Structure formats: structure tokens, C-alpha cells
Amino acid sequence: TVHVTTADGTVWKNAQTGKDGETYRAAAFGNGRYVAVGSYGGDNIYAVSSDGVTWHPGKKEAKYVRYMRGLGFDPATKQFLGIGGDPGSVGSSKPFFVTTADGSAWSDFLEIPGKMIIRRLAFGNGLIVGVGDRGRRAASPDGGKTWRPTFFPDPRWPGLVYPANAGFRHGDRFVLSNLTPTRAGESAIYREVVEALGLHCSSISRRFEGEADLFPAAKYLIQTYGAI
């Protein structure tokens, strides 16, 4: 581990070394202090400095799976956000975030819905925007409490502006539509967004266009399909 500082991006000084095996992955500045995060053994490690020269280290247990992979400072909430997960796990990397105002007292781990972890953050226009593994993109309007998936517009599929055609949700399961051939390519994008919310996706063999073909009636769900 090496801590260095620079005033102009060219000349670096105040190098400080840590223990062998310590790895700091991200740093941010806010509330008059610098905060860096990383890992060592089965723990998260952090270091806090008010001048970039003298650093005060500490650790937060990770249990070998909840490592912080990124860090940012939210000017709206005046909080540092640490993000991470376990990218080596099968099926889901268990993404999470933690917060701190001073870099030393950290919140509990809070889950982020979805399978892939978020590694980098940006802040602006009242949003926290994150990107991560396998093209994951997500945004939070409330300081990280809730996250929604985002996706890029695709000129090949203009029908994406009608998300009610994506399918329907029942509990924690989402049944994807079986759209006409001219719109079939939308399904892969809908699946990406829905799975990022932590829902299980399934498909249907008959032609089905989402909420347009589904009518709730008391405790029943009535589905129409086929040609009229």
C-alpha cells in the first residue's frame, strides 16, 4: 500500500507504505477530509486524512465476501458511499453499499437489488449513477436507499417507449412478453432491467404483449392471447 499526494498531478510526494497485502482501491474527498478504502485479509480497510499527509487507518469486517470496491462522496447528503460485493460468487454478487460522514464510523451493509455489483459512482442532477460488472447501470434518487436500473436507448427497438408491453409481475416473478417478430428484440433489454431489480424472469410460449393482454379480476389474473 502506498499513499502519495500531488498539487499539480505531475510531482507526487509524501509517500507512505502500509502492510504487505493491503490494497486500497478507491478514494474520495468530502467534508474536509480524504477517505480511501480497500481490503486486507477478510476485512475492509480504510484510511482518513485531513491533509493528505497524515492518515488514520481502520477496518470494517468483510467476512471475505463484502469487500468495498468503489467509493464516492454525495454532495447532496454529505455522505461518503462505499459500494461493493462478491464478484466471484455464483448467481449473484450480493451488491451492497455503506455510508459514512467522517470516514471512520460506517453504517451497516445495505443491499442493492440486482445480481451484479456496482463499482463506480458519479453524482449530479439529484442522482447517484453507478456502473458495474457485465454492463450494469443503475441510478438512485435518494442517497442510495433505492436503486433503479437504466439502459441505453436503442434505435433498433423504438417500441421500448411502451414498457407496459414488457410483461407482467406477479410477486417476485416477472413473466416476459412474447412479442411480435418486429419487436422481439426488446425482450433481452427488458430481461436485463427486470433481473437488475432482483426479480426472477420466465417466458411464455403464446403470443403475449404484457399488461395490454392481462386483466386482474379479484384474486385472478386473466390473460388473453392469440389473434382477434
Side-chain angles (χ1 to χ4, degrees), residues 63 65-67 69-70 81 83-98 107-121 127-228:
K63 296 183 178 179
V65 294
R66 287 187 161 179
Y67 291 119
R69 305 285 179 168
L81 266 74
I83 49 174
D86 180 17
S89 64
V90 177
S92 174
S93 59
K94 302 178 179 62
F96 70 83
F97 77 97
V98 288
S107 71
D108 293 334
F109 295 104
L110 303 169
E111 292 185 6
I112 297 175
K115 295 181 179 180
M116 299 297 112
I117 69 172
I118 297 171
R119 292 181 180 267
R120 297 293 181 266
L121 299 171
L127 292 173
I128 304 172
V129 178
V131 295
D133 290 4
R134 299 190 182 181
R136 179 165 191 192
R137 303 171 298 277
S140 173
D142 52 14
K145 295 176 182 177
T146 59
W147 294 83
R148 61 173 184 262
T150 64
F151 57 91
F152 297 119
D154 192 327
R156 298 173 300 169
W157 312 115
L160 288 170
V161 299
Y162 304 108
N165 292 143
F168 73 90
R169 177 179 178 176
H170 187 60
D172 65 351
R173 182 165 297 279
F174 191 91
V175 180
L176 289 166
S177 297
N178 182 2
L179 298 170
T180 61
T182 57
R183 295 185 62 190
E186 297 173 23
S187 294
I189 299 174
Y190 289 137
R191 178 183 288 274
E192 177 188 351
V193 173
V194 169
E195 289 184 342
L197 292 171
L199 301 176
H200 302 286
C201 279
S202 58
S203 57
I204 194 167
S205 60
R206 300 185 179 96
R207 182 73 63 223
F208 171 62
E209 298 192 356
E211 289 185 4
D213 294 339
L214 179 73
F215 305 92
K219 63 179 180 179
Y220 300 99
L221 294 173
I222 301 173
Q223 177 201 344
T224 63
Y225 67 91
I228 297 178

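One is the number of the first residue; the rest follow in order along the sequence. Remember, predicted model here, so these are calculated numbers, not experimental data. Keep in mind that the numbers below use all heavy atoms, side chains included, and drop hydrogens, waters and symmetry copies.
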Student: Is there a donor-acceptor pair under 3.5 Å between the side chain of Ser93 and the backbone N or O of Ile117?
Tutor: yes
Student: Rounded to the nearest 0.5 Å, how far apart are CZ of Arg173 and NE2 of His200?
Tutor: 6.5 Å
Student: For Phe109, check ring pair (Phe, Tyr, Trp, His ring centres under 6.0 Å) against everything at least two apart and list the hits.
Tutor: Phe96
Student: Quick one: which of Arg119, Arg120, Arg69 gives a salt bridge (Lys or Arg N to Asp or Glu O under 4.0 Å) with Asp133?
Tutor: Arg119
Student: Please find the pair of heavy atoms, one from Pro163 and one from Val161, that lie closest to each other, and give the distance.
Tutor: CD-O, 3.1 Å
Student: Give the C-alpha distance, both sets of side-chain angles, the deciding distance and a yes or no for side chain to side chain contact (heavy atoms under 4.5 Å, CB included) between Ile118 and Ile112.
Tutor: CA-CA 9 Å; Ile118 297 171; Ile112 297 175; 4.2 Å; yes
Student: Measuring only between side-chain heavy atoms, which start at C-beta, is Asn178 closer than 4.5 Å to Arg206?
Tutor: no
Student: Closest approach of Gly135 and Arg137, non-hydrogen atoms and distance?
Tutor: O-NH1, 2.7 Å
Student: Quick one: does any side-chain atom of Ser140 pair with a main-chain N or O of Ile128 as donor and acceptor, under 3.5 Å?
Tutor: no
Student: Please identify each residue that fulfils side-chain contact (heavy atoms from CB on, under 4.5 Å) with Leu127, with sequence neighbours left out.
Tutor: Val129, Pro141, Arg148
Student: Indicate yes or no: at least one non-hydrogen side-chain atom of Ser177 is less than 4.5 angstrom from one of Glu186.
Tutor: no
Student: Looking at every heavy atom in both Ala138 and Thr150, which two are closest together, and how far apart are they?
Tutor: N-OG1, 3.9 Å
Student: Taking Asn165 for the side chain and Glu209 for the main chain, is one N or O donor matched with an acceptor at less than 3.5 Å?
Tutor: yes
Student: Would a 4.5 Å heavy-atom cut-off, applied to side chains only, mark Leu199 and Arg169 as touching?
Tutor: yes
Student: Find the distance between CG (Leu179) and OH (Tyr162) and round it off to the nearest 0.5 Å.
Tutor: 13.5 Å
Student: Okay, side chain of Arg183, backbone of Gly159: is any donor-acceptor separation there less than 3.5 Å?
Tutor: yes
Student: Can you tell me how far OH of Tyr190 sits from CD of Glu195, rounded to the nearest 0.5 angstrom?
Tutor: 15.5 Å
Student: Is any side-chain heavy atom of Val98 closer than 4.5 Å to a side-chain heavy atom of Asp108?
Tutor: no
Student: At their closest point, which heavy atom of Ser92 faces which heavy atom of Pro95, and how far apart are they?
Tutor: OG-CD, 4.4 Å
Student: Are Ile189 and Leu160 packed together at the side-chain level, in the sense that at least one heavy-atom pair is separated by less than 4.5 angstrom?
Tutor: yes
Student: Measure from the side-chain N and O atoms of Asp213 to the backbone N and O of Phe208, and report whether any donor-acceptor pair falls under 3.5 Å.
Tutor: no
Student: For Arg134 and Gly132, indicate whether the former's side chain and the latter's backbone hold a donor-acceptor pair under 3.5 Å.
Tutor: no
Student: Please check if the side chain of Arg136 supplies one atom and the backbone of Met116 the other of a donor-acceptor pair under 3.5 Å.
Tutor: yes
Student: Are Asp86 and Arg66 ion-paired here, with the side-chain N under 4.0 Å from a carboxylate O?
Tutor: no
Student: Is there a side-chain contact between Leu176 and Phe174 in this structure, where contact means two heavy atoms from C-beta onward sitting under 4.5 Å apart?
Tutor: yes
